Each structure stands twice: as C-alpha cells, then as structure tokens.
Amino acid sequence: MTATHASQTSPAADPAALHLPVIAWFEQHARDLPWRRPEAGAWGVMVSEFMLQQTPVSRVLPVYEQWLARWPRPADLAAEAPGEAVRAWGRLGYPRRALRLHGAAQAIAERHGGEVPSDHAQLLALPGIGEYTAAAVASFAYGQRHAVLDTNVRRVFARAATGVQYPPTATTAAERRLARALLPEEEGTAARWAAASMELGALVCTARNEECGRCPIAAQCAWRLAGKPAHDGPARRGQTYAGTDRQVRGRLLAVLRDAPGSVPQSALDAVWPEPVQRGRALDGLVSDGLVEPLEGGRYRLPAGPPVTG
DNA sequence: GACACGTGGTC
DNA sequence: TGACCAAGTGT
C-alpha cells in the first residue's frame, strides 16, 4: 500500500467527501415525486415503497395517485376487502404486494392506532416490508438514520467505492458494512444522503448508459478512475417469462380483476390452453390468497372475512 | 442462497 | 429481437 495523500482520499476512507456533492446535486436535480411532498405523509411514503418494489416510477405514478385518493389513511384500506386492493393494483405486477399492503394496513389499524410506525423493528414486522422498505420508510418518512440499500444505492456504492460496475446479485454483509460506514453521523443529513444517493443511481449512475459527465462525484469514483472495467464473472441469469406459470397467473388474475364479481371456471380456462399448467397456476393463486374459489366452480378476488359491524 | 413472483419499456 | 432492467420480499 502506498501512502494516501490528502488530495487522493478514497471514498471509503473519507465518506464526508461524497456527502456534500451528492446532497447538493440532489437539491438541484431531485424529481418532484408526489411521495416526496410533505403532504404525502408516512402512509404515502409507505404506499409508494410497496409500489416501487421492482417497478419503475413512471408506471407507479398514476396508480399511486388513485390509491391515495381512495384510501388516504391505513384504516381506509384496512376496511376494504383485500380483493379491492388487488383490483386497484391494476397492472403494476407482483400482485401479492397489494395483498401484503392491505395486510400491513390492517396491522397498522389494529396494532398501531392507525399510524404508520416509525420504529424500524415494528416496520419490519409488517407484511411486505423487508430490510430495504423498513429503512426507507424510517428514513424518508421520519428522517431517521438508516442505511437504505436498494438496487440504485448498491450500484452507486459498487462503482464509487468498490470500483466495480455492478454490485453482487444479493446484498452482502460487506455492502451493509460499507453502507453503514458511509452514512453521515447527523440524522437529518443521513436521511438526505439516503434519498440523494438513491436518486443519483436512478438518474445518472444507471445500470446501462451511465452519465459520468453529470455525476457530482465522478472525480472520486473508483470505477471511473479504474477505467470503467466491464463486469466480469457469470452473466446474471435473465428472467424468463413467456410460457411460465407466472405468465399464466397474470392472465388468470387479469380476468378476475376485470370482472366486477365472480367468474365461471370457463372464463379462466379460456386464457390458457394447457390444463395442467393452468390448474397449477390457479391453485397457486388460491393458496396465495389472491383468488377465492366459490361454490359451483366460480372464482373471484378475495372478499375477506364478512363484516360483522 | 436460490427461486418464485408480473408487467412493460429499452437498446 | 430477445435480454436486460425496474425504490424487493418471502420461502
């Protein structure tokens, strides 16, 4: 190891050198997204985080607006049948998220007095909230100091600090350690850093066609300084879709979503010709709680328990 | 740790 | 044009 000069400090050695430029860039270039406005509140932040899991902002925007207008508080959603959440989810994909968001709203109504909890452990205990979302809600909605490690932040750190093009497939202990080491000490600064580093990954330090010319920390980026070496190692396995159970589930659920009430078996049979795979997909939807079988071979979105008043 | 889990846009 | 990608979670 050669001696480190003050003018050549690495990002990991001097995290403060990253905070100011990235946060300043964020103040200039952050998108005006509805869940970032003060009126969104913790519930708005939480709804947006569920919808944004594996789903682009542009597709989330219209559904988010309708959702918040219809269910402005967790208790409003909790009072609905879960099937209504699935229906309102529309074509966002991964409809189990709608079911989990509904379940989280019920838990908030029952256990947390109708207020989205600010405690990280309580957030983590809610259905559909994992490591990332718990940290995101605590940080974005409540200004707390948490390492928020999503795919954008992981890519920014992989490049700026580690000097590689892409982060590992799954989040590693080393990444968590690095994220904690880079986290500003002061709570409010840490929360801004979390949002800013994520936005940088979403707008500039993107997976393909990154724009280093617009990057506020290009001068310190380990990957750029190393000549931007291409990712080595095995190609990440692509997501196949055509012909999979996933596609069949999607078609079946689309029929249910577009029907006001229940549909006959024949309506489901019509969307996929192969009976074994179709049956397997339908069974999966039922066991996931996304579809409810009725008497007489009819099906509908889940109605939930009867309202007892 | 690998896999299942939707959908649509991009290059 | 088919892979890759998109603010992950649960098993």
Side-chain angles (χ1 to χ4, degrees), chain A residues 26 30-31 33-36 40 44-64 86 89-101 103-104 123-141 146-157 165-173 175 179 194-203 205-210 231 234-257 271 277 280-281 283-285 287-291:
Chain A
F26 183 63
R31 291 166 292 180
L33 300 171
W35 45 87
R36 286 181 176 161
V45 171
M46 183 175 140
V47 169
S48 77
E49 291 302 337
F50 270 77
M51 292 182 173
L52 288 163
Q53 291 168 5
Q54 300 285 282
T55 308
V57 166
S58 60
R59 302 228 329 269
V60 165
L61 282 169
V63 182
Y64 172 88
V86 174
W89 199 253
R91 304 190 66 78
L92 279 184
Y94 292 145
R96 291 188 296 191
R97 292 182 292 167
L99 225 43
R100 291 175 183 150
L101 179 52
L123 286 165
L124 199 53
L126 297 171
I129 295 193
E131 175 183 1
Y132 160 76
T133 304
V137 172
S139 180
F140 302 157
H146 292 283
V148 181
L149 265 186
D150 81 319
T151 189
N152 291 305
V153 174
R154 294 179 61 221
R155 187 174 54 249
V156 169
F157 290 178
Q165 186 177 20
Y166 296 120
T169 308
T171 307
T172 62
E175 287 183 275
S197 53
M198 187 176 308
E199 189 79 334
L200 187 63
L203 297 184
C205 192
T206 48
R208 289 176 295 190
N209 303 320
E210 68 282 353
H231 172 77
R236 290 114 77 181
R237 28 184 330 239
Q239 329 166 23
T240 54
Y241 183 65
T244 61
D245 286 8
R246 242 200 288 203
Q247 182 182 25
V248 184
R249 287 168 57 106
R251 288 198 184 178
L252 293 174
L253 206 57
V255 172
L256 277 294
R257 266 201 316 266
V271 298
Q277 188 179 25
R280 186 171 64 234
D283 286 349
L285 289 170
S287 60
D288 284 347
L290 283 163
V291 171

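Here the structure is a predicted model, which means the values were calculated and not measured. Each chain gets a letter, A, B and so on, in the order its sequence line appears, and its residues count up from 1. Note: hydrogens, waters and symmetry copies are ignored here, and every other heavy atom, side chains too, is used.
- Across all strands shown, A:Leu101 has no heavy atoms under 4.0 Å from either base or sugar-phosphate atoms.
- Two residues, A:Gly128 and A:Ala202, neighbour DNA chain C, and the one matched to the more 5' nucleotide by heavy-atom proximity is A:Ala202.
- Atoms CZ (A:Arg251) and C1' (B:dT7) sit 13 Å apart, rounded to a whole Å.
- Residue A:Asn209 places its side chain closer to B:dC11 than to any other of C:dA7, B:dG6, B:dC11.
- Spacing between B:dG1 and C:dG8 at atom C1', rounded to whole Å, works out to 16 Å.
- Between the P atoms of B:dC5 and C:dA7, the separation comes to 23 Å (whole Å).
- Residue order along DNA chain B, read from the 5' end via each residue's closest nucleotide, puts A:Thr172 first among A:Thr172 and A:Arg208.
- Between B:dG6, C:dT9, B:dT7, one nucleotide has an atom nearer to the side chain of A:Gln53 than all others, and that is C:dT9.
- Picking from C:dA6, B:dC5, C:dT9 the nucleotide with the shortest atom distance to the side chain of A:Thr133 gives C:dT9.
- Within 4.0 Å (heavy atoms only), A:Arg96 reaches at least one base atom of the nucleic acid.
- Nucleic acid contact class of A:Gln247 (heavy atoms, under 4.0 Å, all strands): none.
- With hydrogens and angles ignored, no donor-acceptor pair closer than 3.5 Å exists between the side chain of A:Arg59 and the base of B:dG8.
- Listed candidates were C:dC5, C:dG8, B:dG6. Nearest to the side chain of A:Thr55 is B:dG6.
- Taking 4.0 angstrom as the limit, A:Arg91 places a side-chain polar atom (N or O) nearer than this to OP1 or OP2 of B:dG8.
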